[in-house]
Amino acid sequence: MTGRPLSFADASLNADRRTCELAQLASRTDPVDVLVIGGGVTGAGAALDAAARGLSVVLVEAHDLAFGTSRWSSKLVHGGLRYLATGNISIARESALERHRVMTVIAPHLVRPVGQLLPVYSDTPFVAKVAARAGMLAGDVLRHNAATPATVLPRSRRISAQRAGELCPGIRTDGLRSAVLGHDGQLIDDARLVVALARTAAGLGASICTYTRASDVTGHGAVLTDTRTGNSFPIAARSVINATGVWSGQVDDSIRLRPSRGTHLVVNAAAVGNPTAALTVPMAGSISRFVFALPQQLGRVYIGLTDEDAPGGIPDEPTPSKNEIDLLLNTINQALSRELTRSDIRGTYSGLRPLIDDGGAGERATADLSRNHLVRVSPTGVITVVGGKLTTYRQMAQDAVDEAVQRGGIRAASCETESLALVGAVGRPGDSTLPESLVARFGAEAGRVLEMATVSDPDGRIAEDIDVTRAEVQYALTAEGALTVDDILARRTRIALVPSDADAARPAVTEIVKATVSASA
């Protein structure tokens with residue numbers, strides 16, 4: 001890890017730190033170097049990039065970290081194979097390179113290889129068979145060019161029908177001849193990546209202020225409002241970065257977006273045979289779009305995803321359409337021995353992609369719009385970074401901070417984030433008897449989560465069949481910046497993706513929140 005070594009205390013986010021930093025900002029008379037608006041993956045990445053260059057940085061988010069699109073992804077750090085299939089070689093290369101950095105240096109504790117199994121049936125068209133194998137080989141080329149070793153991301157290969165059934169026990173075996181098995185990177189959780197970025201930025205001196213709304217934004221500052229108290233104050237900045245994603249146009253009205261909705265279904269892993277690889281089924285009429293059944297934590301499988309035009313207002317929490325749910329079920333059922341029905345769905349979630357409207361989109365589907373990102377300066381001097389995708393957040397952040405440094409006339413070190421490990425990525429997790437789920441979510445911090453707990457029964461589960469411990473809930477409050485019960489249920493854990501799970505866990509989480517707040521008062 002480059003830069004100043006972090007202590008866990010440096011990187012702790014909590015209510016007391018937030019209150020103190022807001023008070024300091026309210027009394028500050030000199031401008032900060034960089035004000036970042038938006039607490040998603042790109043905003044947190046920009047705050048980290050700027051802080052690692054030795055700049056004074058403030059990140060503000062109107063809600064919680066990862067409140068928007070950054071928590072609604074497929075939880076994949078992928079190599080851009082889809083973009084290679086559509087001829088976008090540059091973004092495919094960029095995706096593969098950024099995936100390499102995340103999996104080997106930046107956050108290897110939060111991402112692991114996941115098999116992507118594409119079944120081949122006796123009635124699979126010849127062109128589809130050739131495209132499948134060619135696609136996987138192209139993926140190997142991307143992996144090789146990014147210098148990602150096979151020990152981190154295994155090579156693709158053809159496997160037998162028997163082996164396919166072992167990896168995806170729920171697969172339809174009638175007519176199954178073989179399968180193509182590739183690999184990609186899978187995050188334990190996208191929101192956890194955002195929190196790790198923000199905490200690492202905080203460890204390098206950035207102020208991370210959630211539940212703080214920015215208004216009257218210009219290239220030289222904004223008015224900040226603590227939405228929990230109603231207190232407002234102005235803040236001056238040498239550069240302002242707008243990283244609000246699909247809400248970018250509300251900060252910079254010169255930005256034109258065409259949001260696209262991506263929907264996932266949440267089902268019990270047992271309903272599809274407890275797979276250990278992602279079942280991958282082509283969408284009808286496409287060689288570059290697939291529906292995945294992705295094995296996830298908490299005994300779930302996420303089935304996604306769609307790519308639907310989403311005109312109109314931008315809701316805080318998008319909802320799927322009936323047609324999207326039907327499309328996902330009908331597509332994945334083509335490869336399942338037992339068809340899923342709506343009664344199997346335990347939850348759904350949808351996110352809006354902030355796709356750039358180039359003005360010539362016409363009637364093109366959103367799936368055909370560019371996934372390239374854009375860094376643009378508004379007439380008032382606000383630097384907006386938008387587009388792209390979760391995998392390429394680091395490059396987006398670097399480009400935005402490069403622009404901020406140049407336009408603000410700021411003296412800064414060069415970008416370090418290519419080789420900067422996030423909190424939890426370096427070191428040993430502690431006792432080898434720690435729960436596997438705890439290590440998967442916290443990496444080197446896993447032991448500390450239990451050691452720092454003052455809550456009763458720290459390693460006890462907060463609800464039956466939910467492998468989240470009481471210590472994790474407390475740690476979300478004392479170190480990860482959670483302020484509310486919903487912050488914990490919906491973002492520090494992903495319990496709220498299944499409403500019945502949230503109902504079961506809410507009493508214990510509420511109790512721990514109240515006890516922790518009282519202890520710090």
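These numbers come from a predicted model, not from an experiment.
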Please list, chain by chain and in numerical order, all residues satisfying ring-ring contact (aromatic ring centres under 6.0 Å, His included) with His63, sequence neighbours excluded. Phe67

Please name all residues satisfying salt bridge (charged side-chain N to carboxylate O under 4.0 Å, His left out) with Arg491, sequence neighbours left out, ordered by chain then number. Asp64, Asp487

Could you check whether Gln406 and Asp402, counting side-chain N and O atoms only, form a donor-acceptor pair closer than 3.5 Å? no

Taking ring-ring contact (aromatic ring centres under 6.0 Å, His included) as the test, write out the residues that go with Tyr302, two or more places apart. Tyr349

Quick one: do Asp30 and Arg28 make a salt bridge, cutoff under 4.0 Å? yes

Is the shortest distance from a Lys or Arg side-chain nitrogen in Glu416 or Arg53 to a carboxylate oxygen in the other one below 4.0 Å? no

Could you check whether Arg256 pairs with Asp357 (Lys NZ or Arg NE/NH1/NH2 to Asp/Glu carboxylate O, under 4.0 Å)? yes

Residues Asp226, Arg18: salt bridge by 4.0 Å N-O rule: yes

By side-chain hydrogen bond (donor to acceptor under 3.5 Å, both in side chains), which residues pair with Ser74, not counting sequence neighbours? His264

Between Thr218 (side chain only) and His220 (backbone N and O only), is there a donor and an acceptor less than 3.5 Å apart? yes

Flag the pair Arg353 and Glu308 as a salt bridge only when some basic side-chain nitrogen lies within less than 4.0 angstrom of an acidic carboxylate oxygen. no

Sequence neighbours excluded, the answer for salt bridge (charged side-chain N to carboxylate O under 4.0 Å, His left out) partners of Glu98 is Arg101, Arg394

Sequence-distant partners of Thr212, side-chain hydrogen bond (donor to acceptor under 3.5 Å, both in side chains), two or more places apart: none

Taking Val423's backbone N and O only, do any of them form a donor-acceptor pair with Thr200's side chain (distance below 3.5 Å, no angle check)? yes

So, the side chain of Thr392 versus the backbone of Lys389: is there a donor-acceptor pair under 3.5 Å, distance only? yes

Salt bridge or not between Arg494 and Asp189? Use side-chain N to carboxylate O under 4.0 Å. yes

Among residues at least two apart in sequence or on other chains, which ones pass salt bridge (charged side-chain N to carboxylate O under 4.0 Å, His left out) with Asp184? Arg99

Taking only residues two or more places apart in sequence or in another chain, which ones pass side-chain hydrogen bond (donor to acceptor under 3.5 Å, both in side chains) with Ser437? none

Residue pairs involving residues 228-246 (criterion salt bridge (charged side-chain N to carboxylate O under 4.0 Å, His left out); sequence neighbours excluded): Asp33-Arg238

Who are the salt bridge (charged side-chain N to carboxylate O under 4.0 Å, His left out) partners of Arg93, not counting sequence neighbours? none

Glu445 side-chain N/O to Phe442 backbone N/O, donor-acceptor pair under 3.5 Å: no

Residue pairs fulfilling salt bridge (charged side-chain N to carboxylate O under 4.0 Å, His left out) with at least one residue in residues 240-249, sequence neighbours excluded: none

Find out whether Gln297 and Arg441 are in side-chain contact, i.e. whether some heavy atom of one side chain is under 4.5 Å from a heavy atom of the other. yes

Under the 3.5 angstrom rule, does the side chain of Thr19 hit a backbone N or O of Ala15 as a donor-acceptor pair? yes

Contacts of Glu61 meeting side-chain hydrogen bond (donor to acceptor under 3.5 Å, both in side chains) (sequence neighbours excluded), chain-then-number -> none

